[in-house]
Each structure stands twice: as structure tokens, then as C-alpha cells.
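Here the structure is laid out as C-alpha cells; the discussion comes afterwards.
For ligands, and for the atoms within them, numbers begin at 1 and follow the listed sequence.
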Amino acid sequence: MWNTWLTRTLNIDLPILGAPMGGRAGGALAGQVTAAGGLGMIGAARYATPEWIAEQLAVIREAAGEDAPLAFGLQTWSLGEGELLDAVLAANPTLVSLSFGDPAPYVQRVKESGAVVISQINSIEDLREVEAAGVDAVVAQGAEAGGHTGRIATLPLLQEILRATELPVLAAGGIGSGAGLAAVLAAGAQGALVGTALLASPETVGPEYAVPALLEAGSADTVYTDVFDKARHQPWPTRWFGRALTNDFTSRWHDGDGAGPSSGDEEQVSAAYDGNDPAQGVVYAGQVAGLVDTARPAREVVASIASDAEARLRAVAGVLD
Ligand SMILES: Cc1cc2nc3c(=O)[nH]c(=O)nc-3n(C[C@H](O)[C@H](O)[C@H](O)COP(=O)(O)O)c2cc1C
């Protein structure tokens with residue numbers, strides 16, 4: 001019934017991709033999103049290994065069946081010669097996201113494998129870079145997104161990107177309900193990535209304190225910060241900070257909303273960090289944290305976002321005479 005570039009191209013029921021979330025979205029979460037009718041992405045962070053990919057494949061096949069379509073999200077800036085990409089392509093994925101960095105050195109390899117290649121982008125300059133690299137579609141990822149992202153909010157960025165490209169455009173950042181999905185589809189997006197809204201699901205991986213912290217958090221309880229990259233020696237290019245829940249640790253190194261770099265150099269910050277302590281440990285999450293107040297299975301979250309969006313889009317015609 002849904003009919004967008006995304007559903008047609010991937011042959012899926014819903015215009016929803018489970019966002020790749022390094023450290024949180026493995027095979028179990030991705031499998032549930034896929035089983036619900038979207039396509040779940042496994043988030044392969046910089047520190048992921050080919051062995052980890054193999055383990056996640058076993059998990060996703062258990063969750064979504066032997067023939068389940070596979071999708072992965074990689075962090076382009078960290079790919080080097082591309083060993084991790086090769087491990088991903090060996091699994092014959094349907095879709096690969098190459099985000100955060102120029103995908104040009106890798107796009108051909110992905111296309112030759114037969115996978116659809118998309119990139120999350122944060123500015124018009126990023127759009128021009130990934131267009132030149134030959135990606136199949138772009139994702140306008142706004143600043144309200146959880147995890148690493150840019151500085152322009154989803155709605156302004158989406159409007160700017162839609163106006164500037166012939167490529168199919170998806171939206172990410174702040175889409176946590178049917179209202180959000182309906183809004184970006186009505187604007188012209190061909191689908192959406194959902195991340196934070198899935199993070200209270202039992203299928204996520206990560207530290208035990210992450211789900212309770214998210215359930216507790218409101219929409220104002222996030223910060224755009226480099227402090228956890230410093231703490232964990234993750235050499236992210238500084239144009240991408242990450243959006244995380246505020247806690248004692250972020251308050252210690254930031255005044256205000258974290259729009260600028262954290263105080264303290266990498267050595268100081270790292271020496272003070274204990275990732276096992278809930279008051280300090282990182283929980284990357286976006287501003288839709290305020291919408292996440294129950295720990296529901298991912299399958300249920302995806303199904304309810306889709307059915308609510310459908311109802312809203314059917315009703316929206318009524319705003320015109
Ligand atoms: C915990 C977490 C980890 C993330 N890790 C990655 C990643 O490894 N690669 C990537 O392309 N995007 C990553 N993202 C960004 C998501 O792909 C997506 O853009 C974002 O979750 C969408 O916004 P939302 O959180 O408001 O739904 C991450 C997001 C979160 C919340």
C-alpha cells in the first residue's frame with residue numbers, strides 16, 4: 001500500500017529504515033524492524049570487526065529469517081582500505097549507508113555488489129560531495145538526531161536538500177511518531193530513518209543503564225557534544241559532534257547546550273571517564289527522547305509509527321477544499 005521510492009526500490013512494505021546505530025543496533029534490532037515491514041540497518045561503528053558482523057548476521061537470520069534482506073550503516077571517515085566494507089559486502093546486503101565523510105572511494109564497490117547505496121548528509125556541501133560520488137539516495141540528517149550529526153535541523157535541511165537535488169531524499173532526525181513520518185513524507189521525502197524511537201526496545205544492545213536513562217529523559221535532556229569522543233578516544237572529525245543524553249559527565253565539561261567544544265583536552269576528559277557509571281556513561285539519543293516513555297519491542301514501535309502516519313496522511317487531504 002505504501003508507494004515511495006524507498007518501498008519500491010527495496011521491495012519493502014513500509015517507508016521506514018531502522019537507523020544504523022553503532023553500539024546499539026545489532027542484528028536483533030535490525031531484524032525486528034525488517035520483520036515489521038521496514039528495513040533495519042546494523043550499525044557498524046569504527047570499532048566493529050568482521051567477526052562482529054558475522055555474529056550479527058546469525059542473530060538477524062534468527063530474528064527475521066534466513067532470507068531476510070540485510071542492510072548496514074558504516075562510518076565513512078573510518079573505513080581506510082575498506083576491510084569492514086568488504087566483510088559487509090560479502091553478506092550480500094540490499095542496502096549500505098556510507099555516512100560521515102566522502103563516500104567516493106567506496107561507492108563503486110558497493111554498487112558492483114548490487115546493493116543500494118545511501119549517505120546521510122548534513123549540509124548542501126555534503127549533498128554535492130555524495131552526488132559526485134554516485135550514491136543512489138541521500139538522507140537529510142538533522143541536528144536533533146541522536147548520535148553523530150550536523151548542525152542544521154531536520155526541517156530546514158530537508159527543505160533545502162529537496163530543492164537542490166534530483167536524487168531521492170530520505171529524512172532522519174527527530175522522527176519518533178506517525179506525526180513525524182507523515183510530516184517528512186508530505187514534504188517530499190521518500191522515507192525516513194528512525195533511531196532514537198527504537199532505543200528503548202529490548203532488542204537493543206549496549207549498557208544496562210541506557211534504556212532506563214532514555215525512558216526518564218525529556219526532549220530538553222540532550223546535548224550536542226564531543227566529550228564522549230574525547231573520553232573514548234574516538235577520532236571523529238570535529239565537524240560531527242554527537243547528540244547524547246545529558247548527565248553529570250556532560251555537565252562537568254559543558255556550559256549550556258554544548259554548541260561549542262567541551263572544555264578539557266582529550267587526556268583530562270578520558271582520565272575522568274568511567275563508561276560503567278550511569279552518571280558518566282554515554283547514551284547517544286536525539287530530541288525525540290521526550291516521546292520515548294515505554295520500552296516496547298521494535299516491531300511494535302515501527303508498526304505503530306507506520307499506521308499512525310498512514311491515518312494522518314489519509315486525513316491530511318481534508319485540509320484542502
Ligand atoms: C545511539 C546512536 C548511534 C548512532 N550511530 C550511527 C552510526 O554508527 N552510523 C550512522 O550512520 N549513524 C549513526 N547514528 C545516527 C542514526 O543513523 C540516525 O541518523 C539518527 O538516529 C536519526 O535520528 P533520531 O535518533 O532522532 O531518530 C546513531 C544514532 C544513535 C542514536
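- Only side-chain heavy atoms of R24 come within less than 4.0 Å of ligand 1; its backbone N, CA, C and O stay farther off.
- For R252 and D248, the salt-bridge test fails: no basic side-chain N is under 4.0 Å from an acidic carboxylate O.
- For atom 27 (O) of ligand 1, the nearest protein heavy atom (residue, atom name, distance) is G195 N, 2.8 Å.
- In terms of protein heavy atoms, atom 29 (C) of ligand 1 is closest to G146 O, 3.1 Å.
- For the pair N122 (side chain) and Q141 (backbone), a donor-acceptor distance under 3.5 Å is present.
- By the criterion of a heavy-atom distance under 4.0 Å, the side chain of Q120, and not its backbone, is placed next to ligand 1.
- Using a 4.0 Å cut-off between a side-chain N of Lys or Arg and a carboxylate O of Asp or Glu, R128 and E131 qualify as a salt bridge.
- At a heavy-atom distance under 4.0 Å, only side-chain atoms of Q75, from C-beta outward, approach ligand 1.
- In this structure, G73 has no heavy atom closer than 4.0 Å to ligand 1.
- Between H148 and W236, the angle of the ring planes stays under 30°, which puts this pair in the parallel group of the 30/60° scheme.
- Ring geometry, F228 versus Y284: the interplanar angle exceeds 60°, so the pair is classed perpendicular (tilted spans 30 to 60°).
- Looking at P20 against ligand 1, both its backbone and its side chain come within 4.0 Å, counting heavy atoms.
- Contacts between L199 and ligand 1, counted as non-hydrogen atom pairs separated by less than 4.0 Å, involve the side chain only.
- Of the N or O atoms in A45, none lie within a sub-3.5 Å distance of an N or O in ligand 1.
- For atom 22 (C) of ligand 1, the nearest protein heavy atom (residue, atom name, distance) is G173 N, 3.6 Å.
- Within the model, atoms CG of L79 and CG of L74 stand 5.5 Å from one another, a figure rounded to the nearest 0.5 Å.
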